[in-house]
2 protein chains.
Amino acid sequence: MENIVEVKTPIYPIRTAAKLLGISVPTLRMYEKEGLIIPHKTDGNQRIYSEADLERLRCIRRAISESKISINGIKTIYSLIPCWEVVKCSEGDRKVCNAFQSHEQPCWTFTHPNTTCENRDCKEC
Amino acid sequence: MENIVEVKTPIYPIRTAAKLLGISVPTLRMYEKEGLIIPHKTDGNQRIYSEADLERLRCIRRAISESKISINGIKTIYSLIPCWEVVKCSEGDRKVCNAFQSHEQPCWTFTHPNTTCENRDCKEC
DNA sequence: AAAAGTTGATAACTCTAAATATCAACTATC
DNA sequence: GATAGTTGATATTTAGAGTTATCAACTTTT
């Protein structure tokens, strides 16, 4: 448990994260714009990445550079994850869930007003 | 039932299929090489496409041109389809199934020796 | 058996997705 | 308050995926 808390703690500013990943800052911001990652932000609206974020980004990087999967492909793959099976949300929740039927975007890019998922955090590699 | 048989009947030679899809013959052959489609072949090893093949290819075409999903992305998406849930194959079958664990290629690009799937035909859009 | 269409393989081309560079305005740090 | 780093937005570059062209050998059709 200790461990899980630690890897999720936001510590790296964008420049450091970029350096650790071997990519540029604009690229990192672009991944966020595409909805592939959602880092923590400071009160002043600056991004801070956790160790878990970096791991997720390494996974994305591998998909792009090695597996030759396009960003839209990754988005679609993420959107195929049936998060409702993981979360076991209610029938009622599903009816108002925007993510339940789309395959264009990962579930976490949608808003989940008034559902079990409101503050959840999904992922997969 | 009649209908299903009809759409699966191979009728179009490659040139016709290419024209109907608005793409070139080499492209069509490339999709096959990538494992996205497996058309019927004549005794003389020439491809013949069914109406169902064309529909599948239109789906692939949309994924590439409109959704901007790379071919490797499509392959991965196809490989994520849990065919074993559709087919309800046995535990024994799964143990010898090459497709059961990989996410690099669609299940139908693997050989299925001595399993329920031996002569099956999967798809999704 | 001649004409039209096919095969697989290789080489060449064309786009455009992905990455980067650059900017003025803002935030953090010392 | 000055230096370093950030933000979002736009413009530019580039690497290579996707497509097409071309080939001699083969198949189909008439």
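Below, chains carry the letters A, B, ... as their sequence lines are ordered, and counting in each starts from 1.
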Check the distance between [N]'s [atom2] and [X]'s [atom1] and give it to me in whole angstrom.
X     : N      : atom1 : atom2 : answer
A/I23 : C/dT20 : CD1   : C1'   : 11 Å
A/L57 : C/dA19 : CG    : P     : 11 Å
A/I64 : C/dT16 : CD1   : P     : 19 Å
A/L28 : D/dT6  : CG    : P     : 11 Å
B/I60 : D/dG18 : CD1   : P     : 12 Å
B/E34 : C/dA9  : CD    : P     : 14 Å
B/L36 : D/dA17 : CG    : C1'   : 13 Å
B/I74 : D/dG18 : CD1   : C1'   : 11 Å

> Is atom CZ of B/R58 surrounded by more than 12 heavy atoms (other residues, nucleotides or ligands) closer than 6.0 Å?
Replying inline: yes

If only side-chain N and O atoms of [X] are considered, is one of them under 4.0 Å from the OP1 or OP2 phosphate oxygen of [N]?
X     : N      : answer
A/K41 : C/dA28 : no
A/S70 : D/dA17 : no
B/N45 : D/dT28 : no
A/Y31 : C/dA19 : yes

Return the [atom1] to [atom2] distance between [X] and [Y], rounded to the nearest 0.5 Å.
X     : Y     : atom1 : atom2 : answer
B/C59 : B/L54 : SG    : CG    : 12.5 Å
A/N72 : B/I69 : CG    : CD1   : 6.5 Å
B/E34 : B/I71 : CD    : CD1   : 5.0 Å
B/I77 : A/S79 : CD1   : OG    : 7.5 Å
B/K19 : B/I14 : NZ    : CD1   : 13.0 Å
A/L20 : A/Y12 : CG    : OH    : 6.0 Å

> Are B/L80 and A/I74 connected in a single hydrophobic cluster, I mean Ile/Leu/Val/Met/Phe/Trp/Tyr linked by side-chain heavy atoms less than 4.5 Å apart?
Replying inline: yes

> Which comes earlier along DNA chain C counting from the 5' end, the contact point of A/S24 or that of A/G44, where each point is its nearest nucleotide?
Replying inline: A/S24

> Given that A/D43 and A/V25 both sit by DNA chain C, which one's nearest nucleotide is further toward the 5' end?
Replying inline: A/V25

>> Pairing donors with acceptors under 3.5 angstrom, does anything connect the side chains of B/S24 and B/T27?
In response: yes

> Taking atom types as modelled, is there a side-chain donor on B/R56 or B/Y31 under 3.5 Å from an acceptor on the other?
Replying inline: no

Which nucleotide in the list [options] gets nearest to the side chain of [X]?
X     : options                : answer
A/R61 : C/dA19, D/dT27, C/dG8  : C/dA19
B/R29 : C/dG8, D/dT28, D/dG18  : C/dG8
A/Q46 : C/dA28, C/dT7, C/dA18  : C/dA28
B/T42 : D/dT28, C/dA18, C/dA21 : D/dT28

> What nucleic acid atoms does B/K33 come within less than 4.0 Å of, heavy atoms only: base, sugar-phosphate, or nothing?
Replying inline: nothing

> What does B/T27 touch in the nucleic acid at a heavy-atom separation under 4.0 angstrom: a base, only the sugar-phosphate, or nothing?
Replying inline: base

> In residues 10-18 of chain B, which residues come under 4.0 Å of DNA chain C by heavy atom?
Replying inline: B/P13, B/I14, B/R15

>> Give the dot-bracket line for DNA chain C from 5' end to 3' end: parentheses for intra-strand Watson-Crick or G-U pairs under 3.5 Å, square brackets for crossings, | for inter-strand pairing, dots for unpaired.
In response: |||||.|.||||||||||||||.|.|||||

